[in-house]
Trainee: 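One structure, as C-alpha cells, below. Some questions next.
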Amino acid sequence: MLTIQSLREDKEQIAAALDKRNIDVRQDLDQILLWDAERRSTQAKLDDLLAQSNALSREIGTFMREGKREEAEAVKVKTASFKEETVTLKDKMHGIEQQMHDVLCAIPNAPHSDVVAGRNAEDNVEVFRSGSAETLDRHTKPHWELAEEMDLIDFELGAKVTGAGFPFYKGKGAKLQRGLIQFFLQKADEAGYTEYIPPLMINAESGFGTGQLPDKEGQMYHMQNDELYMIPTGEVPLTNIYRDEMVKEGDLPIKLCGYTPCFRREAGSYGKDVRGLNRLHQFDKVEIVQLSRPNDSYALLDQMVDHIKELLEGLELPYRILRLCGGDMGFTAAMTYDFEVWSAAQERWLEVSSVSNFETYQASRLKCRYKGAEGKMHLVHTLNGSALALPRIVAALLENHQDENGIQMPKALAPFCGFDRIEA
RNA sequence: GGAGAGGUGGCCGAGUGGCUUAAGGCGCACGCUUGGAAAGCGUGUUUACCUGAAAGGGUAACCCGGGUUCGAAUCCCGGUCUCUCCA
C-alpha cells in the first residue's frame with residue numbers, strides 16, 4: 001500500500017498520478033492525513049499517560065520491596081484513574097489505525113510518470129514489435145482443433161474429471177508442456193534467478209502481502225476449512241518469502257524464480273475468448289521475481305523485459321510489448337509491460353506475460369526492508385513477471401508453427417521436448 | 001487424530017510478577033594494543049511509533065491474540081509453530 005510518509009510529503013503528486021487510473025482519491029487522502037494527525041496527538045497523550053503510570057508502578061514496587069505496604073496501597077489508589085484513561089486512548093488509537101488501514105488498502109498504487117492515462121486496453125502503448133502479425137496465407141487451424149487432431153490435449157476429459165477449464169495434457173502435449181517449463185527454468189537459471197518450488201496454497205497474510213487480498217478475494221480458490229487459498233500466481237509464495245524480513249543491502253537485487261501451477265476462478269468469464277487454452281482455471285507458469293534497491297528497480301524491470309523477449313525469440317513467435325495505461329494496470333503495479341503473442345488462427349493477440357514494478361507498494365504490506373549504508377531503513381522495491389505462462393504459448397506454438405501435416409518445434413525448444421515435430 | 005515438551009535479541013542461552021529491553025556467552029562493528037596478525041582490553045551492536053533542528057527524551061514489542069494485576073518474558077485462556085511418543 002501507499003506509505004503514510006509518502007502521503008505526508010507528496011499528497012497532490014500521488015493524487016495526480018492516480019488520476020491516470022481514472023480515480024480521484026483526494027478526499028480519501030485528506031481523510032487519511034486528518035486521521036494521521038489525530039493518531040499522532042493521541043499517541044503523544046497515551047505515551048505520556050503510560051510514562052506516568054509506569055512511574056507510579058515503579059514506586060509501588062519500591063515500597064513493596066521495602067515492606068511499606070500502606071504507602072504502596074496509597075499509590076495504588078492513584079493509578080486507578082490512569083488506567084481508565086489509557087484504555088480509552090488505546091481504543092481510540094486502534095479505531096483510528098483500523099480506519100486508516102482500511103482506506104489505505106483500498107487505494108491502488110500510484111502509476112509511474114511514464115505511464116499514460118487511459119481507460120482500458122485500447123489506450124495501452126505498443127513499445128516494441130517482433131515478427132509479423134498476419135494471417136498465414138493458407139488455411140490455419142485454431143489450436144483446439146490441432147490439439148484434438150494430434151491428441152495433445154483433452155478438454156472434455158478435464159471437464160469430466162474436474163470441470164471446464166481444467167484440461168488434461170497427453171502424450172506429446174504433456175511432453176511439450178514439460179519441455180517448455182524446463183526451457184523457461186533453464187533460461188531463468190542462466191539469468192541468475194534462484195529456483196524455488198513453493199507451496200501451492202497460501203494463507204491470508206501472504207495474500208495480503210502481495211495485494212491479492214482483500215482486493216481480489218473472489219479470484220482465488222478459497223479452502224474455507226483450512227483458511228488457505230490456492231495461488232493465482234507464483235508471485236504470491238515467492239514474494240512472500242521475504243514478508244517480515246530485513247534483507248542485507250549487499251544481497252540486493254535478490255532474484256528468484258519458480259515453476260508453479262496457477263489457479264484462478266475467472267468468475268464471469270465465458271464465450272469465444274475462453275475457447276481452448278485461452279483462459280483456464282488451472283495453468284502452468286514460470287515466474288521471475290526480484291527485490292531491489294529503489295534506485296535500481298527500473299533498470300531491472302528493463303532487464304526482465306529483455307529476458308522475456310529472449311524467450312519469445314527462442315520460440316520464434318511474433319509478439320509485441322505494451323506498456324499498460326493507467327486504467328488497465330493491476331491494482332498493485334506502478335508500471336507494467338504486457339507481452340502478447342500473435343495467434344495466427346484466431347487472428348488476435350494473446351497475453352502471455354505481464355511484467356511489473358511495484359516499487360514499495362507490496363514491500364510496505366510485506367514489511368520487507370533493508371538498512372542503507374547511512375543506517376536508515378528503506379522499503380525494497382519488488383518486481384515480477386511471467387516467464388512465461390504456458391497455455392497461450394502452447395496455443396501460439398501450435399497455430400504459428402503448423403504446416404501441411406504437423407507442427408514444427410522451434411530449434412531452441414526441441415531439445416527440451418525430446419522431439420522436433422508433432423504429427424497426427 | 002491423541003499425549004507430552006517447548007517457542008526469549010543475528011545465534012546460543014539465563015530469567016522467584018516489580019530495580020529486566022532483558023544476565024552471560026558467541027558473532028559483528030569501531031577503537032586501543034601490535035612490525036603485521038591472533039589474543040587481550042575498551043566501546044558499541046533490534047525494530048516501530050511519538051517528540052525534537054540535532055543531541056536526546058518518551059512509548060511499545062520476549063511466537064500471535066485475549067485476560068488477571070498498580071505492574072507480566074514470568075500467572076490464566078485461546079490460537080499457532082517446532083520437537084518427542086502413540087494411532
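Note: hydrogens, waters and symmetry copies are ignored here, and every other heavy atom, side chains too, is used. Because the structure is predicted, anything quoted here is derived from the model rather than measured. Naming convention: chains lettered A, B, ... in sequence-line order (proteins, then strands); numbering from 1 in each chain.
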Trainee: Counting only heavy atoms not in A/Lys216, do more than 12 fall under 6.0 Å of its NZ?
Mentor: yes

Trainee: Who is the Watson-Crick or G-U wobble partner of B/A60, with both distances under 3.5 Å?
Mentor: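 By the stated definition (distances under 3.5 Å), B/U47 pairs with B/A60.
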
Trainee: For A/Leu56 and A/Met246, take the nucleotide of RNA chain B holding the closest heavy atom to each; which residue's nucleotide lies nearer the 5' end?
Mentor: A/Met246

Trainee: With rounding to the closest Å, how many angstrom separate the C1' atoms on B/A23 and B/C62?
Mentor: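 One C1' to the other, the span is 14 Å.
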
Trainee: Within the pair A/Arg40 and B/U51, is there a side-chain N or O less than 4.0 Å away from OP1 or OP2?
Mentor: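 Yes, because at least one side-chain N or O of A/Arg40 sits under 4.0 Å from OP1 or OP2 of B/U51.
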
Trainee: Who is the Watson-Crick or G-U wobble partner of B/C85, with both distances under 3.5 Å?
Mentor: B/G2

Trainee: In whole angstrom, give the distance that lies between atom CD of A/Glu59 and atom P of B/C19.
Mentor: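 Rounding to the nearest Å, CD of A/Glu59 and P of B/C19 are 15 Å apart.
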
Trainee: Searching all strands shown, indicate the nucleotide that pairs with B/U69 (Watson-Crick or G-U wobble; both distances under 3.5 Å).
Mentor: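 None - no nucleotide pairs with B/U69, as no candidate has both distances under 3.5 Å.
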
Trainee: Using the C1' atom in both, what is the distance from B/U33 to B/A38, to the nearest Å?
Mentor: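 Pairwise C1' distance, B/U33 against B/A38, rounds to 12 Å.
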
Trainee: Out of B/C50, B/A60, B/G18, which has the shortest distance to the side chain of A/Leu50?
Mentor: B/A60

Trainee: In whole Å, measure the gap between the P atoms of B/U16 and B/C11 for me.
Mentor: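 Rounded to whole Å, the distance is 23 Å.
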
Trainee: Given atom CD of A/Glu245 and atom P of B/U47, what is their separation to the nearest angstrom?
Mentor: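 Computing the A/Glu245:CD to B/U47:P distance gives 14 Å.
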
Trainee: For B/A53, what is the paired nucleotide under Watson-Crick or G-U wobble rules, both distances under 3.5 Å?
Mentor: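 Partner of B/A53: none found under 3.5 Å.
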
Trainee: With no hydrogens and no angle check, just 3.5 Å: does a side-chain donor-acceptor pair link A/Ser292 and A/Gln290?
Mentor: no

Trainee: Which nucleotide in the list B/A48, B/U46, B/C49 gets nearest to the side chain of A/Lys371?
Mentor: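 From the listed options, B/U46 comes nearest.
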
Trainee: Measuring from the side chain of A/Arg369 (C-beta onward, heavy atoms only), which nucleotide among B/A60, B/C50, B/U47 has the closest atom?
Mentor: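 From the listed options, B/U47 comes nearest.
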
Trainee: Which whole-number value in Å describes the distance from A/Arg365 CZ to B/A48 P?
Mentor: 20 Å

Trainee: If B/U21 has a Watson-Crick or G-U wobble mate with both distances under 3.5 Å, name it; if not, just say none.
Mentor: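 Pairing partner, where one exists within any strand: none, as none qualifies.
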
Trainee: Quote, to the nearest angstrom, the C1' distance that separates B/C70 from B/G17.
Mentor: 12 Å

Trainee: Expressed in whole Å, how much space separates the P atoms belonging to B/U21 and B/A72?
Mentor: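 Rounded to whole Å, the distance is 11 Å.
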
Trainee: Please indicate whether A/Lys175 has more than 12 foreign heavy atoms, meaning atoms of other residues, nucleotides or ligands, lying under 6.0 Å from its NZ.
Mentor: no

Trainee: Does a side-chain N or O of A/Lys45 approach OP1 or OP2 of B/U59 to a distance below 4.0 Å, or not?
Mentor: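 For B/U59, neither OP1 nor OP2 has a side-chain N or O of A/Lys45 closer than 4.0 Å.
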
Trainee: Whether the A/Asn109 and A/Glu359 side chains hold a donor-acceptor pair (N or O, under 3.5 Å, no angle test) is what I'd like checked.
Mentor: no

Trainee: Among B/G18, B/C49, B/U59, which nucleotide sits nearest the side chain of A/Ser57?
Mentor: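 Nearest nucleotide to the side chain: B/G18.
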
Trainee: Quantified in whole Å, what is the P atom distance between nucleotide B/G9 and nucleotide B/U47?
Mentor: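 Rounded to whole Å, the distance is 14 Å.
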
Trainee: Write down the distance between CG (A/Leu89) and P (B/C50), rounded to a whole number of angstrom.
Mentor: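 So the CG-P distance, A/Leu89 to B/C50, works out to 16 Å.
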
Trainee: Can you tell me which nucleotide in B/U59, B/C50, B/C70 comes closest to the side chain of A/Asn54?
Mentor: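 Within the option list, the nearest is B/U59.
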
Trainee: When you check the side-chain N and O atoms of A/Thr194 and A/Lys255, is any donor under 3.5 Å from an acceptor?
Mentor: no

Trainee: Considering Watson-Crick and G-U wobble pairs with both distances under 3.5 Å, what does B/C32 pair with?
Mentor: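 The base-pairing partner of B/C32, which may sit in any strand shown, is B/G40.
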
Trainee: Considering only B/G58, B/C70, B/C49, which nucleotide approaches the side chain of A/Arg39 most closely?
Mentor: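 Closest of the options to the side chain of A/Arg39: B/C49.
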
Trainee: Checking A/His281 against A/Tyr221: is there a side-chain donor and acceptor pair closer than 3.5 Å?
Mentor: yes

Trainee: Looking only at atom P, what distance separates B/U59 and B/A73, rounded to whole Å?
Mentor: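 Going atom to atom, P in each nucleotide, I get 14 Å.
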
Trainee: I want to verify a distance call: between B/C50, B/A60, B/C70, whose nearest atom is closest to the A/Gln43 side chain?
Mentor: B/C50

Trainee: Of A/Ala51 and A/Asp36, whose closest RNA chain B nucleotide lies nearer the 5' terminus?
Mentor: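 Mapping each residue to its closest nucleotide by heavy atoms, the 5'-most match is A/Asp36.
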
Trainee: Count the heavy atoms of every other residue, nucleotide or ligand shown that sit under 6.0 Å from CD of A/Glu97, and state whether that count exceeds 12.
Mentor: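 More than 12 heavy atoms, drawn from other residues, nucleotides or ligands, come within 6.0 Å of this atom.
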
Trainee: Taking the P atom of each, how far is B/C50 from B/U45, in whole Å?
Mentor: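 To the nearest whole Å, 23 Å.
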
